[in-house]
Amino acid sequence: MTPSHPTALTLTVEAEAGTVLVHVAGDLDFESSDELLKTVERWLGEHRDTGGEPADLRIEFSALDTIDTMGLSILLMVRRMTDLRGVRLHLDERPPVLERLLNVTGTLHHLTAPRARIPGEQGPVEQQPADPSAGEQRPGTG
């Protein structure tokens, strides 16, 4: 039996006034994708414990090499988690490999659309663009 290759994923986190930014580098796949979920849970949990939930979670993918269906599954879990906490999710600097996976699976709009309002939530309703690329003007962002 051939041993699996060591996971080649690096996550770097920056937090500043209302935003958590996670830089993803390497392979987001079956062997490594749980690390992204744990990192997001930890950072959102730390902010919740201090009473200051971030308004935005930005995941930056400019150094992403590969992503498989498990990586996509984790992104869907992160989206569900941010929606439940009232945090906006942004997928920034998406490389062609990620853009292609999101388009082929039909998940691009779901992952990049403004978050849905939770029943009973107060405040203005976020406007959803008709086209998921119509939001931010930076290439590869959402």
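In this text, all values refer to a predicted model and were calculated from it rather than measured experimentally. Every heavy atom of this structure was used, including side-chain atoms; hydrogens, water molecules and symmetry mates were not. Start at 1 with the first residue, then count along the sequence.
Transitive grouping of hydrophobic side chains (ILVMFWY, heavy atoms separated by less than 4.5 Å) brings Leu11 and Leu91 into a common cluster. Hydrophobic clustering (side-chain heavy atoms under 4.5 Å, transitive across Ile, Leu, Val, Met, Phe, Trp, Tyr) keeps Leu21 apart from Val78. The hydrophobic cluster containing Met77 also contains Ile67, counting ILVMFWY residues as joined when their side-chain heavy atoms lie under 4.5 angstrom apart, directly or transitively.
A donor-acceptor pair is defined here as one N or O able to donate and one able to accept, closer than 3.5 Å; such a pair exists between the side chain of Thr105 and the backbone of Leu101.
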side-chain contact (heavy atoms from CB on, under 4.5 Å) between Asp92 and Ile59, intermediate numbers included: CA-CA 6 Å; Asp92 296 336; Ile59 305 177; over 6 Å; no
Pair Leu57, His90 - check side-chain contact (heavy atoms from CB on, under 4.5 Å), show working. CA-CA 6 Å; Leu57 170 64; His90 307 270; over 6 Å; no
Leu44 and Thr82: side-chain contact (heavy atoms from CB on, under 4.5 Å), yes or no, with the steps? CA-CA 9 Å; Leu44 291 180; Thr82 56; 4.3 Å; yes
Give the C-alpha distance, both sets of side-chain angles, the deciding distance and a yes or no for salt bridge (Lys or Arg N to Asp or Glu O under 4.0 Å) between Asp83 and Arg79. CA-CA 6 Å; Asp83 279 355; Arg79 176 60 196 241; 3.0 Å; yes
Arg58 vs Val20, side-chain contact (heavy atoms from CB on, under 4.5 Å): CA-CA, chis, key distance, verdict: CA-CA 6 Å; Arg58 305 193 83 87; Val20 172; over 6 Å; no
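Between the side chains of Asp27 and Thr66, at least one donor N or O sits under 3.5 Å from an acceptor N or O. The closest side-chain donor-acceptor pair between His23 and Glu14 falls under 3.5 angstrom.
Atom CD of Glu35 and atom NZ of Lys38 lie 5.0 Å apart (nearest 0.5 Å). Here the NE2-CG distance, from His110 to Leu102, works out to 11.0 Å after rounding to the nearest 0.5 Å. Rounded to the nearest 0.5 angstrom, Ile74 CD1 and Thr69 OG1 are separated by 10.5 Å.
The side-chain heavy atoms of Leu37 and Met81, taken from C-beta on, include a pair separated by under 4.5 Å. With contacts defined as side-chain heavy-atom distances shorter than 4.5 Å, the pair Thr112/Arg94 qualifies. Residues Glu60 and Val22 are not in side-chain contact: their nearest non-hydrogen atoms beyond the backbone lie 4.5 Å or more apart.
Between Ser33 and Gly71, the shortest heavy-atom contact is CB-CA, 3.9 Å. Here the closest heavy-atom approach between residue Met70 and residue Asp34 is recorded as CE-OD1, 4.3 Å. Scanning both residues, Pro95 and Phe61, for their nearest heavy atoms gives CD-O, 3.4 Å.
Exactly one residue among Leu98, Leu36, Val97, Leu72 makes a side-chain contact (heavy atoms from CB on, under 4.5 Å) with Leu28. That residue is Leu36.
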